[in-house]
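Letters A, B, ... mirror the listed sequences (proteins, then strands); counts begin at 1. All of these numbers come straight from a predicted model, not from anything done at the bench. Excluded from the calculations below are hydrogen atoms, water molecules and symmetry mates; all remaining heavy atoms, backbone and side chain alike, are included.
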Amino acid sequence: MFNRGNIHLWLIGGASFFGFGFVKLATKPVEAAIAQSDSQENSAVVIDIAEAEKLYLRRCGACHSLDAHRIGPRHRGVVGREAGSLADYEYSPALRNAEFVWNEQQLDQWLSNPEALVPGQKMGFRISNGAERNAIIAYLRAQSE
Amino acid sequence: MLNGGKAVLSASAVLALSGAGGALSHAYASSGDASQDVAILNVALALEHEAIGAYQLGAESGLLAKDVLGVAVQFQSHHKAHRDALADAIRAMGGDAVDAKDLSEYASALNAASLSSQTDVLKLAARLELGAANAYLGVIPSFQSQDLAQVSARLAADETMHWTALSSVLGAPLPKNALTFGA
């Protein structure tokens, strides 16, 4: 469906990806600094974007697609996009009025606890696992380039 | 939207969702805010509307064998029951329940035109059910009301049951590891 296949991202982040099951050797290293991670230690970690896409479909796919508004707004291009800014999606007033641009750090906070980042939002959905958040954010970033 | 912002989850709202007897008489802590819970319930309701639409598209596609069609209709009826319970609860809490979109909008958002076999339909259904199970698990910590959090877990269990059955029809393997749902 959206075949970005085997793009690999180098992530500067926690070693928590190891043991998560989809660390692979990079063929095309791209720098992507992930601000938040479970681990303090900085080490280069590689995310398999094809695996990250599966995770995205499992965790976000009931409500989001890349190119169509579903229960939530479409995602392609979200990294670097102003929050709550798509004209044809009906955001909560809180997100519609938010004044920031999505970057990795904001996304990490949003997925950890959206209400803490934007009080009055309506997504409510959280991911407590930092490695999963990092993988999904890397995937969204790859779809935004 | 909410009755004077009164942060009270009436017993009837939870009963609408729980279908249980009179045991639930919880109210929000007076500091709680029901509007947040109503917003999440409405997102869940929108998800159920889409699921009903997806099964409708599958049923009307002519791609499903008779026995599979029967299962699809049964699962759709579960989603209709979820829809009715969520809408009742939202109204009982003083909110406005979101309406379903036109079937054609679901068809386009889900790219129904690309479905050309029973397997395609079942894969789409399985993907949506797995996503729904994860969605219900992922909103649990955001509910003010413990009762609604439990309802969310019960809805996740239904979606997981659907996903498991669909996976088995598709011959897809079950997860090797434990704790792959939610995160």
Side-chain angles (χ1 to χ4, degrees), chain A residues 1-2 16 19-22 38 51-75 88-96 110-137, chain B residues 1 33 35-51 53-54 95 98 101 105-112 114 120 123-124 126-144 148-149 152 155-156 159 163 175-177 179-183:
Chain A
M1 201 159 61
F2 9 83
S16 49
F20 192 62
F22 54 70
D38 279 354
E51 288 300 321
E53 175 180 74
K54 287 187 202 157
L55 192 61
Y56 170 79
L57 288 173
R58 286 202 292 269
R59 299 291 184 243
C60 321
C63 296
H64 292 278
S65 292
L66 286 179
D67 295 309
H69 295 322
R70 304 255 310 283
I71 289 88
R74 66 182 158 77
H75 268 156
D88 54 347
Y89 176 81
E90 204 178 310
Y91 292 99
S92 63
L95 191 58
R96 174 65 79 194
W110 176 254
L111 296 180
S112 305
N113 182 352
E115 185 65 12
L117 181 67
V118 182
Q121 56 71 47
K122 64 174 178 177
M123 179 163 111
F125 177 79
R126 305 187 195 187
I127 290 196
S128 58
N129 181 311
E132 288 207 2
R133 287 197 305 275
N134 286 349
I136 290 168
I137 291 166
Chain B
M1 186 164 133
D33 180 1
S35 70
Q36 187 61 31
D37 283 359
V38 168
I40 301 170
L41 292 177
N42 252 324
V43 167
L45 176 57
L47 185 156
E48 295 292 346
H49 283 317
E50 189 194 66
V98 293
K101 299 180 189 173
E105 287 187 57
Y106 294 127
S108 112
L110 297 172
N111 200 8
S114 70
D120 288 349
K123 278 187 175 165
L124 172 65
R127 185 158 62 69
L128 292 176
E129 296 285 9
L130 178 56
N134 282 315
Y136 279 121
L137 293 169
V139 297
I140 285 175
S142 293
F143 280 113
Q144 305 271 333
L148 290 179
S152 197
L155 290 164
E159 318 302 28
W163 174 79
K176 210 166 51 206
N177 299 324
L179 297 171
T180 58
F181 293 90

Within-4.5 Å side-chain heavy-atom neighbours: A/E90 and B/V98: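 No, their side chains stay 4.5 Å or more apart.
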Choice from B/G138, B/G131, B/A109 maximising heavy atom contacts with chain A below 4.5 Å: B/G138
Contacts of type side chain to side chain donor-acceptor pair (under 3.5 Å), residue B/K123, not counting sequence neighbours: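 Applying side chain to side chain donor-acceptor pair (under 3.5 Å) to B/K123 gives none.
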Heavy-atom pair with the smallest gap, counting every atom of A/R59 and B/A183: NE-CB, 3.6 Å
Closest approach of A/A62 to B/L47 (non-hydrogen atoms, all atoms of both residues): CB-CD1, 3.9 Å
Proximity breakdown for B/T180 and chain A, heavy-atom pairs closer than 4.5 Å: backbone
Atom group of B/I140 that falls short of 4.5 Å from chain A, counting heavy atoms: neither
Could you give the distance from [atom1] ([X]) to [atom2] ([Y]), rounded to the nearest 0.5 Å?
X      : Y      : atom1 : atom2 : result
A/N129 : B/L179 : CG    : CG    : 11.0 Å
B/K101 : A/R70  : NZ    : CZ    : 8.5 Å
A/L57  : B/R127 : CG    : CZ    : 5.5 Å
A/C60  : B/N134 : SG    : CG    : 9.5 Å

Heavy-atom contact with chain B under 4.5 Å, split by part of A/A68: side chain
Contacts with chain B made by residues 116-126 of chain A (heavy-atom distance under 4.5 Å), listed by residue number: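 Residues A/G120, A/Q121, A/K122, A/M123, A/G124, A/F125, A/R126 are the ones that qualify, each having a heavy atom under 4.5 Å from chain B.
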